[in-house]
Amino acid sequence: MTPRDLPIYELESAVVAAVRGAGRLIVQAPTGSGKSTQIPQMLWRHGLLGEKGEVVVLQPRRLAARMLAKRVAEEAGTTLGEGVGYQIRLESRVSERTRIRFVTEGILLRQMSFDTALRGISAIVFDEFHERHLYGDISLARALQIQQTIRPDLKLIVMSATLDAGLLKSYLAPCEVLVSQGRSFPVRVEYLAKRTDFEAEPVWDVAARECERIAAATGGDFLVFMPGAYEIGRTVQAIQGARGLRDFVTFPLHGELPPEAQDRAVARHEARKIIVSTNVAETSLTIDGVTAVVDCGLARIARFDPHRGINTLLVEKISAASADQRAGRAGRTAPGICVRLWTEREHEQRAPQELPEVKRLDLAEVVLTLKASGIDDIARFPWLEKPDEVGLVRAESLLADLGALAGEKKSITELGRKMLRFPVHPRYARMLLAAQEHGCVRAVALMAALTQGRNFLLRGVPKEVERARGDALGEEHESDFFLLMRAWRYADKANYAVEACRRLGIHAQGARQAGPLFEQFLAIAAKEGLDVGERRADGVEIRKCVLAGFSDQLARRLDAGTLRCEIIHGRRGVLARESGIQQAKLLVAGEISEIGRGDGEVNTLLSLATAVEEPWLKELFPDDYRETRAVTYDDQQRRVVTRRERRFRDLVLEAKASSDEAPLDEAARLLTKEVLAGRLKLEAWDDTVEQWILRVNRLAEWFPELEVNPVTDADRATLIEQVCYGELGYRDIKDKPVMPVLKDWLTAEQFAVLDDYLPERLTMGNGRKSRLTYHKDGPPILSARIQELYGIEGKFAVGHGRVPVKFEVLAPNQRPIQVTDDLTNFWREQYPKIKTELSRRYPRHEWR
DNA sequence: GAGCACTGC
C-alpha cells in the first residue's frame, strides 16, 4: 500500500481548499487514516507554506513526534533534519531548511512565550487534539489570538480521532469540518441486568462471578479492570476461589509491581489466563490474546483541588469514552466481548469524556506563561473551556507568593520572567533562583530533576530492602529530598544496573531519566548567570530554598506522639509514614495529596517533607511572620482575656491561651471556626448535607434551564454556624437528611430532576462511610487533650480499634452537638501508656 | 491496606 491509498486522500482537495480559504480547519479521522503523516505533506506540496515557511505539527508524545518525522522524511525523500525534522525536550533534529517540523506540546508553548509573532511558521497542525492536554488547549488559544491580531496569514488545522466538534467548531468559527471514516474489530458489550450496590456485594465478587459466567463463551484470555492494587488483590482471591475458573491462571497487574511481575502477567502461558489490572492496561500496555474484558467501571483519578490547593486521588466512575477504550482491548486480534458491571441505563448517565486537563490540573505554570505574553486578565483569556475560577485565583495567589506576580493587576515581575526560563513548575523555578543566594544551585537543580518523573524510590518495600537501603544510604532526618538525592547518586554510580537498584528498591529506569534533566537545568542556570560550581552544599541553605518554594505548604506537627499535622490555610493532614522527617516540629511538604484507600476512607498525606526552623520564617518572610495579641471580652466573667500568638501566615506557631473556662457561645464560635476550617467534623454532616450541597450545585451547573440557586460557601458557613449555635436541629438533619435544610434552594420540579439524574452520577465507587464504633466515657486523659487542643468543654466518647474520636458539645441553647476528630495514630501509640496510667489511678475499673 | 495511569518544557 502506498501513502496515496490511505483513506485521508479522499479529503485532499477539500483540505487544500479549506486551508486556502478560511485558514482554519477541523479534520476528524480515526487512527490509521494517515492524517498525521499526509496532511502536513499536502500543505507543503500545494504551496500552502509560502516560499520558506514551515508547518509545525503538534504531538502529545515524544515517541510519536520522532517516529512520524522519520516516516514523513522517508516519504518526502529528504534526510531527517533537513526538509522534515522533529524537536522534543532535550533532542532536536531541525535545520533552517526544515519545512515540516514535528514538535511536542511543551516546545511550541515555550516558543510562543518567547516569540509572539511565530516568525517563520506558516501553519500549525494540532494532532490528537481530543486528548485535550493542558498545553494543547493553551497553545490553540494562543495561536488563534495570534492569527486574529498580528498573523492573519497563519493557517490552523485541528485533527482528532473523536471530537466534540460542535464546541470546537464554534470556537474556531468560521471554520470548515472534514470527516474521514475508519475501520475496527467488533466487541459485543454486555451490561448487568440490574443495578448492583458494591457496598452490599463487593465489586471483586461481582467481577469473579461474571468471569465464571462467561468462561465458556469465549476461548481466549480475560482482562479485568479494577481501580487499584487493593481491589486487584481482592479480585485475584475471589477468582482463585471460584470453582468455574479453576483452569485459569490469574495475574495482578499495576504500576507499582516489579518489572518481572509485570512481564509475567503480559507473557504467553499454556493455560488460559485472567489478568486483573489497573488502567495501565487501558493506555500504556498492550496485551495479546485477550478476547474478554470485565470492566468494573471505576478508576482512581488524579485531580488538583484548587479550593484546598492539594492533589486528590479518589475512586470515580470512568467516562463512556474510557469504557469504550477498555472494551476495545478485547478486540485487538479477534471479535470479543466486554462485560460492564453497571446497567445500560446507568451508562447513559455517565460523562461522555474525561474532563479536559485544563479543568483538573494545577494551572500555576500556564498562568505564568500567559502573564509573560502580556495577558494580565486571565479570566478573559479566550479559553476553549474556561477553568474553574477558583483554580485561576489559586494559581495567581501561588505565583504572587512566589514573587512572580505583583501589583493590582497581578502582572509578571522581573523575577517571574526569570523563573519562566526554567522548564519546571514555578515552585522549583523559584527554588533554583533562591539557590543562587544560598550557594546551592547544583543541589537544587538535582532536586528539581528528581521530582519531575514518577517516584523512583519505591514505597512499602520488604524489610530486607529497607535494611539494605539504610546501610547504603544512611538515615535522613532533615529532608526527604536528601535521601532521594543519595539514592540517585547511588543508582548513577551503579550505572543504573537493574540488580543493584532493585536491592535498594530503586526503579532504575525512573532514576536514569533524571540525569539529562539535571544537565538541562544546570545548563539553563549557567546561561542565566547562576553559579553552578561544584561544592559541598550546606543542608540548612538547601532547606531554606525548599521553604522559599513551598512556604504555603508549611505544616506544624500537632504533637510529638503522632504524625498528624496542621497546615497553613486551615488544612490538616498526616505525615507519610515513609518520611524520615519524624522529629521536626515544623516541616514543609513537597506534596500534599488526598488519597482514597481501598476501604473508602480518605487521608490527606504530606510527603517529600523537609524540616525547617522557625527563625527562617522570620528571615525569609518578615512580613508574614508576626506576633499578635488576640483580645476578647468574656461576657459572663466580665473581664478581658488575652492570647499571645506567634504566626506564620495563618498558622499559629505558638500560643499562650487563656486557661479560663470558656462560656458557651465562645465554644460555639470556636467550634464553628474549627468545622469551617475542616479541622473538626460535625457528625453526619459530611455524608449527607455536604453531598447534597454538591448535588444542588451540580444541578445548577448542568441544568441551567432549571434556574437553581447554587449553595455558596457563605450559605454553607451559615448552615454550619446555625448547627453549632443550636439554632438548626442537628438531629433533624440526621433523620431527614436534606429537605429541611435545603428546601429553600429547590422547588419540587427541580428536586425531581435531581432525584432522577444525579444520585447515580455522584455516588462514588465504593462510597465513603464512616464506621464509628465508640465507647462512652472514654479515658479522662484524652478528654483533657481535646480540651487542650480546642479549648472546648464537653463530654467525650472514644472509640476503640480504628478510632475517630467523638465528643459532644453543648450549644448555647443547651442542645447537644456531636463532633468527630480522627486521633487514630495518637490513640494507637499512646494507648499502652494511657492504660497503665488509668490502671494505676482507677485500679478497680477494668481498662481494655 | 495510605497511594491510578499517563504526558509534556
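Atoms considered below: every heavy atom in the structure, side chains included; atoms not considered: hydrogens, waters and symmetry mates. So you know, we letter chains A, B, ... as the sequences are listed, proteins then strands, and number each from 1.
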Just to confirm, is there a sub-4.0 Å distance from OP1 or OP2 of [N] to any side-chain nitrogen or oxygen of [X]?
X: A:Ser607; N: B:dG3; result: no
X: A:Ser593; N: B:dG3; result: no
X: A:Arg300; N: B:dA5; result: no
X: A:Arg62; N: B:dT7; result: no

Touch class at under 4.0 angstrom, heavy-atom based, for [X] against every strand present:
X: A:Leu605; result: base
X: A:Ile138; result: nothing
X: A:Glu578; result: base
X: A:Glu357; result: nothing
X: A:Arg454; result: sugar-phosphate
X: A:Arg110; result: base
X: A:Ile88; result: sugar-phosphate

Subject >> Check against side chain to side chain contact (heavy atoms under 4.5 Å, CB included), A:Glu231 and A:Arg234 >> reply: CA-CA 5 Å; A:Glu231 293 84 355; A:Arg234 300 297 298 255; 5.7 Å; no
Which nucleotide sits closest to the side chain of [X]: [options]?
X: A:Ala229; options: B:dC4, B:dC9, B:dG3; result: B:dC4
X: A:Gln452; options: B:dA2, B:dC9, B:dC4; result: B:dC9
X: A:Tyr135; options: B:dG8, B:dG3, B:dA2; result: B:dG8
X: A:Arg459; options: B:dA2, B:dG3, B:dC9; result: B:dG3

Subject >> Approximate separation, where rounding is to 0.5 Å, of A:Arg469 CZ and A:Leu504 CG >> reply: 7.0 Å
Length of the [atom1]-[atom2] vector between [X] and [N], whole Å:
X: A:Leu361; N: B:dC6; atom1: CG; atom2: P; value: 16 Å
X: A:Glu316; N: B:dA5; atom1: CD; atom2: C1'; value: 13 Å
X: A:Glu519; N: B:dC9; atom1: CD; atom2: P; value: 17 Å
X: A:Ile232; N: B:dC4; atom1: CD1; atom2: C1'; value: 9 Å
X: A:His254; N: B:dA5; atom1: NE2; atom2: C1'; value: 13 Å
X: A:His130; N: B:dC6; atom1: NE2; atom2: P; value: 17 Å
X: A:Arg577; N: B:dG3; atom1: CZ; atom2: P; value: 9 Å
X: A:Asn279; N: B:dA5; atom1: CG; atom2: C1'; value: 6 Å

Original post:
Between A:Thr312 and A:Val424, who's closer to the 5' end of DNA chain B by nearest nucleotide?
Top reply: A:Thr312
Original post:
Which residue, A:Phe422 or A:Ala299, contacts DNA chain B at a nucleotide closer to its 5' end, judged by nearest heavy atom?
Top reply: A:Ala299
**OP:** Check the pair A:Asn279, A:Arg300 against side chain to side chain contact (heavy atoms under 4.5 Å, CB included), reporting the backbone distance first and the verdict last.
**Re:** CA-CA 9 Å; A:Asn279 258 348; A:Arg300 287 202 164 74; over 6 Å; no
**OP:** Would you please say whether a donor-acceptor pair under 3.5 Å links the side chains of A:Ser319 and A:Glu354?
**Re:** yes
Original post:
side chain to side chain donor-acceptor pair (under 3.5 Å): which pairs involve residues 362-371 of chain A, sequence neighbours left out?
Top reply: A:Tyr135-A:Glu365, A:Asp362-A:His425, A:Lys371-A:Glu396
Subject >> Partner residues of A:Ala330 under the side chain to side chain contact (heavy atoms under 4.5 Å, CB included) criterion, sequence neighbours left out >> reply: A:Val187, A:Val293
